[in-house]
Each structure stands twice: as C-alpha cells, then as structure tokens.
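The structure appears below as structure tokens.
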Amino acid sequence: MNCIDIALLPGISPIDLKNLKSLGINTNLALLQWSIDRQKQEELAQKMGVNLKNILKWIALADLSRLESVGNQYCGLILHSGILSCRQLSQVSVPKLHQQILRLQVATLGRKDLCPPLPLVKTWVKEAGQLGIRN
C-alpha cells in the first residue's frame, strides 16, 4: 500500500493542507481513517470549517493514491473520470475506463498523447482488485 504525504494529493489548498496537518493528518492513509463512516467525515468537515464535499473528494483521492501504480500522479485523473474508490476501480471495464480518460484528456487538454496507456490502466484495475483481496 502506497503511503504518500498529504501535500502531494492534488486539489488541496495550502490553508486546508495546514489545517489537515494541524489535526495530525499528514498522509493519505491517515486521511483514510476519517472515511470509516459519515459521522467521522462530517466531524472532520466541521473541525476544518469546509464543505463535506471537499472531505469526500480528498478521501477519494487518498483511497486511489494508495495504489502503487496510481499514487498522486494519476489519482486526480481517475477521480475526474468518475471513479470514486479503489473498490469501484477494481470493478470497472479497462477499455471503458481508458476510453473515458482519453475523452477527458482531449476535452480538457486537447491532447490524447497524454493519456496513460491501456496496459497501465489495466494495472490500476488489477492492483485495485488485489487491494480488495488483502483488506
């Protein structure tokens, strides 16, 4: 399981990062401790003074980033492709996900050459499935 500094997750503002760290949340795995149930998620949102949607997004990024082949490099891309968790990633069709990511890359960046190759997407899905077996 990939443990990364919370500062490496995309889309967390410097102020929110500081607040997370002040609560002892320094890694993606530490943030996942708040994903156990809705009450804990709401508690974190209240402590930080942020919208629950932000907490849920950060938890999704933290979950996806724990895959070695995904890390902080691809977790945002996968999330923006509609995948919210490793569990969901483990059940997705590799060709469909690859196609969705390709469409996203073309729509947002105008470049399909930046799309991760199909074998890498397959690795993500396989690794997500293996994570489910271990946990």
Side-chain angles (χ1 to χ4, degrees):
M1 207 173 323
N2 199 20
C3 182
I4 61 170
D5 190 302
I6 197 82
L8 297 176
L9 292 180
I12 301 177
S13 75
I15 291 170
D16 291 331
L17 182 61
K18 181 180 176 187
N19 289 336
L20 285 166
K21 290 193 176 235
S22 75
L23 293 170
I25 302 171
N26 297 303
T27 68
N28 59 333
L29 300 181
L31 180 56
L32 285 176
Q33 297 299 314
W34 292 88
S35 69
I36 295 167
D37 61 41
R38 180 67 87 181
Q39 184 178 353
K40 282 195 65 100
Q41 296 163 359
E42 290 172 355
E43 178 186 338
L44 181 58
Q46 185 176 20
K47 283 183 178 186
M48 291 189 59
V50 299
N51 191 304
L52 180 61
K53 286 182 182 181
N54 289 351
I55 301 299
L56 297 175
K57 180 179 101 172
W58 300 339
I59 288 170
L61 290 168
D63 184 33
L64 293 166
S65 70
R66 59 190 179 135
L67 299 176
E68 293 288 338
S69 61
V70 172
N72 61 300
Q73 183 178 3
Y74 295 112
C75 63
L77 179 63
I78 296 169
L79 179 64
H80 286 289
S81 297
I83 304 299
L84 305 176
S85 68
C86 287
R87 173 176 276 160
Q88 186 181 4
L89 180 61
S90 73
Q91 299 169 353
V92 74
S93 158
V94 172
K96 284 184 182 179
L97 177 58
H98 186 259
Q99 198 61 248
Q100 177 64 22
I101 291 171
L102 180 61
R103 280 194 298 271
L104 179 65
Q105 293 288 67
V106 170
T108 57
L109 303 173
R111 296 179 57 183
K112 65 181 183 179
D113 62 310
L114 296 176
C115 183
L118 186 63
L120 179 56
V121 176
K122 186 176 184 176
T123 299
W124 298 341
V125 173
K126 180 180 177 186
E127 201 175 316
Q130 291 170 340
L131 183 66
I133 293 168
R134 290 192 303 257
N135 290 343

*asked:* Using every non-hydrogen atom in the two residues, find where Q33 and K40 come nearest and quote the distance to one decimal.
replied: O-CE, 3.3 Å
*What's the shortest heavy-atom distance between N72 and L8, and which atoms?*
CB-O, 3.2 Å
_According to ring pair (Phe, Tyr, Trp, His ring centres under 6.0 Å), does anything in residues 89-125 pair up with another residue at least two apart or in another chain? List the pairs._
Y74-W124
*Minimum heavy-atom separation for S81 to I101, with atom names?*
OG-CG1, 3.1 Å
*Only counting residues at least two apart or in another chain, list the ones meeting salt bridge (Lys or Arg N to Asp or Glu O under 4.0 Å) with R111.*
D113
_Under the salt bridge (Lys or Arg N to Asp or Glu O under 4.0 Å) test, residues paired with K47 that sit two or more places apart_ = E43
_Around atom CD of Q46, are there more than 12 heavy atoms from other residues, nucleotides or ligands closer than 6.0 Å?_
no
*Could I get the full list of side-chain hydrogen bond (donor to acceptor under 3.5 Å, both in side chains) partners for R103, not counting sequence neighbours?*
Q100
_So V94 and K126, do their side chains get closer than 4.5 Å, heavy atoms only?_
no
*Report whether V121 and L109 are members of the same hydrophobic cluster (ILVMFWY, side-chain heavy atoms less than 4.5 Å apart, transitive linking).*
no
*asked:* How long is the straight-line distance from SG of C115 back to CG of L102, given to the nearest 0.5 Å?
replied: 4.5 Å
*Hey, could you give me each pair passing side-chain hydrogen bond (donor to acceptor under 3.5 Å, both in side chains) that has a residue in residues 22-31? Not counting sequence neighbours.*
N28-S65
_Same apolar cluster: L32 and I55, side chain cutoff 4.5 Å_ = yes
*Looking only at heavy atoms, which two atoms of A30 and G24 are closest? And how far apart?*
CB-O, 4.3 Å
_Heavy-atom closest pair, residues V70 and C75_ = CG1-N, 3.5 Å
*Listed by chain and number, what are the side chain to side chain contact (heavy atoms under 4.5 Å, CB included) partners of L17, not counting sequence neighbours?*
I6, A7, I12, K21
*Sequence-distant partners of E42, side chain to side chain contact (heavy atoms under 4.5 Å, CB included), two or more places apart*: R38, L52
*Partner set under side chain to side chain contact (heavy atoms under 4.5 Å, CB included) for L84, not counting sequence neighbours*: L79, Q88
*By side-chain hydrogen bond (donor to acceptor under 3.5 Å, both in side chains), which residues pair with K18, not counting sequence neighbours?*
none
*Decide yes or no for L31 and L44: does some side-chain heavy atom of the first lie under 4.5 Å from some side-chain heavy atom of the second?*
yes
*If you measure from CG on L89 to CD1 on I83, what distance do you get to the nearest 0.5 Å?*
6.0 Å
*asked:* Rounded at 0.5 Å granularity, tell me how far NE2 in H80 sits from CD in Q105.
replied: 11.0 Å
*Exercise: identify the closest heavy-atom pair between E127 and L67*: OE2-C, 3.1 Å
*Nearest-0.5 Å distance, CG of residue N54 to CD of residue Q41*: 12.5 Å
*What distance do L64 atom CG and N2 atom CG have between them, rounded to the nearest 0.5 Å?*
12.0 Å
*Can you name the residues that form a side chain to side chain contact (heavy atoms under 4.5 Å, CB included) with P117, not counting sequence neighbours?*
P119, L120
_Contacts of W58 that satisfy ring pair (Phe, Tyr, Trp, His ring centres under 6.0 Å) - sequence neighbours left out_ = none
_Rounded distance (nearest 0.5 Å) linking atom NZ of K122 with atom CG of L97_ = 13.5 Å
_Tell me every residue that passes side-chain hydrogen bond (donor to acceptor under 3.5 Å, both in side chains) with N19, counting only those two or more places apart in sequence or in another chain._
none
*Any side-chain heavy-atom pair of Q91 and R87 under 4.5 Å*: yes
